[in-house]
2 protein chains.
Amino acid sequence: MTPTSSLPLDDPPVPPIRRRPGGRTSRVREQVLDAVRAELGERGYDELTVEAVAARAGVHRATVYRRWRDVGGLLADVFEAASEDGWQPPDTGSLQGDLAALNHESQAALTAHPPIVAALIAASFRSEEAARGVRRLWEDRYARCEVIVGRAVLRGELSPGTDARRLLIAATAPLYHQLVLLRTPPHPDLPDQVARTAVLAASAGAFTG
Amino acid sequence: MTPTSSLPLDDPPVPPIRRRPGGRTSRVREQVLDAVRAELGERGYDELTVEAVAARAGVHRATVYRRWRDVGGLLADVFEAASEDGWQPPDTGSLQGDLAALNHESQAALTAHPPIVAALIAASFRSEEAARGVRRLWEDRYARCEVIVGRAVLRGELSPGTDARRLLIAATAPLYHQLVLLRTPPHPDLPDQVARTAVLAASAGAFTG
DNA sequence: ATCTTAAAGTAACACTTGTCGCATTAAGGA
DNA sequence: TCCTTAATGCGACAAGTGTTACTTTAAGAT
């Protein structure tokens, strides 16, 4: 019944429970997600607790545990709420432009305040809910961005048969590696640099065959 | 007095405490680090706790908290103990060979059992001790590997003026990104593929100027 | 308007994490 | 051998995380 729940596997079919997504349920979610953003913004990921979120949202912590399970589930839901906006990959007219714009967006998301994406990634190492949320994030983003490679092929910038996923990973991985794993400070030139490197590798045949 | 302790900042100078690194202190460390490896191997990172390590090591948990502070401190110390072995970067005779060998080592480390490196990275998102350990890991490894780029320049495979650090990051980031952040299963071809992409980018001038 | 019941609140409970003052053990210098 | 004291053990305590059975509120169908 929580937003992140899924049907249990191998259960015998039972009459479906009638859910009540009306007024109070929806209002509680809004209050809780607002509280998560506020707590994250003011106190950071390390001090984000179910107790603090519940208190600020004005709901009981048992309610939060019941619907979201843990801090990771909260972050996954905040991220999901922020993503329900029909995002489309950049379309600048060139492969390098598209990849650079994508990387600028990723760097902005990773360094945003409150740090929702950064917190979700951090939480994914300790919460199954957050790990599931991050998995959906990557799968969705990489799938949607394959159109960047498709357009480049149509423009003749890439040969048909280019492995889109491998190119996209090469074009984004150094950014994530530096900002998330190495924890180096963001640099305005980093997104362009990483995009340019991937384009040079692609032109040299790195992602074909 | 714990292995990972550092001098507090801005303290007035005081007579140095005389430490006693003899028999019991050293034996306790050995027992505790063995317990960490055993617990990690048998129960995984998610169930690694100070309580479980202390019990298995036969020491009091107050001792573990006093010396290592948290699970992250334990993992950092285990990693440090494993690294005191004079590791040198691969030297295969070619840039691509060196980078591929390096990536094979990294993939082996990330998928090893017990998963010390994977656990340390995961812990780095919740423990300052682990974050410090991971920072040292990256700094040390990237610094030591710059010799790979130096040798390639001497062989004429790369132009002088190549940014070694940027090349090394491009040559390793996609591996870490996929294994750690995307959590895709390791593939035997991945290390070579990522190395080859970086070499093609380098030959195309991605890391000069 | 009434009835059924999903969703939330309550508060007590259980468990885990982490700390601390004092006691004991043993490292190391004289 | 003796003395000082760093390191460890003890066990009590505090705080936080997470759960649960029962009660209350309100969503939604009739």
Side-chain angles (χ1 to χ4, degrees), chain A residues 1-5 7 14-36 39 43-75 77 123 126-130, chain B residues 1-5 7 14-36 39 43-75 77 123 126-130:
Chain A
M1 134 141 187
T2 63
T4 55
S5 70
L7 289 174
V14 294
I17 297 167
R18 279 163 74 221
R19 304 204 182 278
R20 299 180 179 180
R24 185 176 63 173
T25 299
S26 157
R27 187 178 64 254
V28 161
R29 185 183 183 226
E30 212 52 45
Q31 287 164 231
V32 165
L33 298 194
D34 281 348
V36 173
E39 285 289 315
R43 304 170 66 177
Y45 169 65
D46 290 337
E47 290 185 47
L48 188 64
T49 68
V50 167
E51 175 68 38
V53 167
R56 182 182 281 245
V59 304
H60 203 271
R61 71 173 183 278
T63 298
V64 180
Y65 278 109
R66 215 176 264 132
R67 286 179 69 171
W68 288 275
R69 181 180 281 269
D70 56 21
V71 163
L74 289 168
L75 289 165
D77 202 20
R126 76 207 272 187
S127 156
E128 192 49 44
E129 306 299 321
Chain B
M1 133 153 202
T2 63
T4 55
S5 70
L7 289 174
V14 292
I17 298 167
R18 273 148 97 215
R19 306 207 182 275
R20 300 178 178 184
R24 186 176 61 172
T25 299
S26 156
R27 186 181 65 252
V28 161
R29 183 182 184 229
E30 212 53 44
Q31 287 164 231
V32 165
L33 298 195
D34 282 347
V36 173
E39 286 289 315
R43 305 170 64 175
Y45 169 65
D46 290 338
E47 290 186 46
L48 188 65
T49 66
V50 167
E51 176 67 38
V53 168
R56 182 182 281 247
V59 305
H60 202 272
R61 71 172 183 278
T63 298
V64 180
Y65 278 108
R66 215 177 264 128
R67 284 179 70 171
W68 287 275
R69 183 181 280 270
D70 56 22
V71 162
L74 290 168
L75 289 165
D77 201 19
R126 76 208 273 188
S127 156
E128 191 49 42
E129 307 299 322

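Residue numbers start from 1 in every chain, and the chains themselves are labelled A, B, ... in the order their sequence lines are given, proteins ahead of strands. Computation of the quantities below employed the complete heavy-atom set of this structure, encompassing side-chain atoms and omitting hydrogens, waters and symmetry-equivalent molecules.
To the nearest 0.5 Å, atom OG1 of residue B:T49 and atom CZ of residue B:R56 are 11.0 Å apart. Remark: A:L74 CG to A:R67 CZ distance equals 10.5 Å, nearest 0.5 Å. Interatomic distance, CD of B:E39 versus CD of B:E51, reported as 10.5 Å (0.5 Å rounding).
Within the 4.5 Å cutoff, the side chain of A:W68 has no heavy atoms near those of the A:V53 side chain.
Of the listed residues (A:V32, A:V36, A:T63, A:V64), just one forms a side-chain contact (heavy atoms from CB on, under 4.5 Å) with A:V50, and that residue is A:V64.
What separates CZ of B:R66 from P of C:dG21 is a distance of 11 Å, to the nearest Å. Per the geometry, NE2 belonging to B:H60 stands 16 Å off P belonging to C:dA26, to the nearest Å. Here the P atom of nucleotide C:dT25 and the CZ atom of B:R20 are 15 Å apart, to the nearest Å. Protein atom CH2 of B:W68 is 18 Å distant from nucleotide atom P of C:dT17, rounded to whole Å. Protein atom CZ of B:R18 is 17 Å distant from nucleotide atom P of D:dC3, rounded to whole Å. Protein atom CD of B:E51 is 14 Å distant from nucleotide atom P of C:dT19, rounded to whole Å. For A:R19 and D:dA29, the CZ to P distance is 15 Å, given to the nearest whole Å. Separating the CZ atom of B:R61 from the C1' atom of D:dA14 is a distance of 12 Å, rounded to the nearest angstrom.
Closest-nucleotide positions on DNA chain C for A:P21 and B:P21 were compared, and the one nearer the 5' end corresponds to A:P21. Where B:R27 and B:A62 meet DNA chain C, the nucleotide closest to each residue was compared, and B:A62 sits on the side nearer the 5' end.
In this structure, A:V50 reaches neither bases nor backbone, as no heavy-atom distance under 4.0 Å exists between it and the strands shown.
Dashed line: the shortest gap from a side-chain N or O of B:T25 to OP1 or OP2 of D:dA6 is not under 4.0 Å. Contact between the side-chain N/O atoms of A:R67 and the OP1/OP2 oxygens of C:dA8 is found at a separation under 4.0 Å. Checking the phosphate oxygens (OP1, OP2) of D:dT19, no side-chain nitrogen or oxygen of A:Y65 falls inside 4.0 Å.
Nearest nucleotide to the A:V59 side chain, out of D:dA29, C:dG9, C:dT5: C:dG9. Nearest to the side chain of B:R24, among D:dT17, D:dA29, D:dT8, sits D:dT8.
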